[in-house]
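Notes follow once the structure below has been shown.
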2 protein chains.
Amino acid sequence: MSAETTDFARALREAGLRVTQQRLALLSILMDAADHPNADELLARARGLDDSMSLATVYRTLSALEEAGLIRKLSLEGEPARYEIAPVAEHDHLVDVETGEVIELESDEINRLRAELAAKLGYEIVSQHTLIRARKLRG
Amino acid sequence: MSAETTDFARALREAGLRVTQQRLALLSILMDAADHPNADELLARARGLDDSMSLATVYRTLSALEEAGLIRKLSLEGEPARYEIAPVAEHDHLVDVETGEVIELESDEINRLRAELAAKLGYEIVSQHTLIRARKLRG
DNA sequence: TTGACTATTGCGAATGAATTGCATTTACAG
DNA sequence: CTGTAAATGCAATTCATTCGCAATAGTCAA
């Protein structure tokens with residue numbers, strides 16, 4: 001097993017989860033994914049590694065991994081949720097309204113403003129996410 | 001009819017939509033709502049005014065009104081979408097993770113930062129929304 | 001006003017993402 | 001190795017939302 005696989009196993013154990021083929025498969029698929037796959041796409045890719053995986057397991061695994069903080073669920077409007085490996089730094093998303101492409105946005109400054117805004121109201125932020133729908137400008 | 005009802009009728013006509021009892025009812029309910037009701041709640045309230053309204057009509061009307069820019073759909077994680085009258089100034093939302101209460105946030109500054117961010121990537125913003133989940137700090 | 005045209009509605013059935021019950025399998029502690 | 005609870009696969013279910021279709025009701029022109 002590669003170093004990465006070992007890391008996933010440790011991460012699972014630290015989260016109090018058993019290390020299963022299915023969980024390792026989904027984690028490695030998400031780690032390698034350049035895009036933000038949804039449950040069906042994850043199932044299709046996972047079956048390339050282990051053709052017995054079921055959709056129910058994909059959903060249950062994704063919930064468990066999200067709860068453990070290992071992955072992030074990205075709920076978009078009118079389409080199935082997409083998933084990504086939990087980013088080291090939190091980031092927001094920009095969806096190209098024409099192509100559906102998802103672009104990751106960094107902005108510490110925005111995060112700081114939001115934290116201040118919440119604090120002013122007497123709240124501490126649990127999670128925050130900005131979703132921008134945008135159209136590519138003609139070059 | 002009150003001035004408000006007349007305004008709604010004009011708004012509908014300007015959007016190229018027929019002025020129906022159902023649309024007026026939903027618009028006035030949303031205008032008066034202090035909260036952010038979902039489709040079921042809107043149906044229940046609408047039946048107080050017109051007990052023949054159907055859930056299908058609620059959904060179809062909400063889509064039409066949203067498309068016309070008269071209302072805004074607020075998609076939350078794991079629960080039915082909620083709706084609000086289209087605000088004069090765009091704003092974001094903070095959801096209290098303990099009570100489910102939705103608080104509206106103003107931040108021109110954040111909006112400006114997001115527009116800049118998008119422009120830098122060659123995009124023009126179609127819509128943008130920030131959802132913060134937060135916990136009330138002990139006084 | 002009246003009639004005609006077509007958007008809108010109500011109803012029930014259908015859809016589709018996500019969840020669940022249950023019997024079987026598997027991880028892993030002892 | 002063995003026992004036990006956790007995890008899985010499958011099929012059935014849930015629930016928000018959408019759709020087909022016949023009936024109704026806005027709107028527009030005469």
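Computed from a predicted model, the values in this text were never measured in an experiment.
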Treat a base pair as Watson-Crick or G-U wobble with both distances under 3.5 Å, then lay out DNA chain D in dot-bracket form, 5' to 3', with | for cross-strand pairs. ||||||||||||||||||||||||||||||

Reading 5' to 3' through nucleotides 10-19 of chain C, protein heavy-atom contacts under 4.0 Å coded B for base, S for sugar-phosphate only, - for none: BBB----SBB

Pairing donors with acceptors under 3.5 angstrom, does anything connect the side chains of His91(B) and Glu84(B)? yes

If I take atom CG in residue Leu17(B) and atom C1' in nucleotide dA7(C), what distance separates them, rounded to the nearest angstrom? 10 Å

Could you point out which residue of Glu67(A), Glu90(A), Glu66(A) forms a salt bridge (charged side-chain N to carboxylate O under 4.0 Å, His left out) with Arg72(A)? Glu90(A)

Do Thr61(A) and Arg23(A) get their side chains close enough for a donor-acceptor pair, meaning under 3.5 Å? no

Are the side chain of Glu116(A) and the backbone N or O of Leu113(A) linked by a donor-acceptor pair below 3.5 Å? no

Salt bridge or not between Lys73(B) and Glu77(A)? Use side-chain N to carboxylate O under 4.0 Å. yes

For Glu79(A), does the CD atom sit with more than 12 other heavy atoms under 6.0 Å from it, leaving out its own atoms? yes

Taking atom CG as the centre, does Asp108(A) end up with more than 12 heavy-atom neighbours from other residues, nucleotides or ligands that are less than 6.0 angstrom away? no

Students should find that the nucleotides of DNA chain D closing off the region near chain B, any atom under 4.0 angstrom from a heavy atom, are dA16(D) to dT27(D)

Please give, in whole Å, the distance from dT8(C) P to Leu65(B) CG? 11 Å

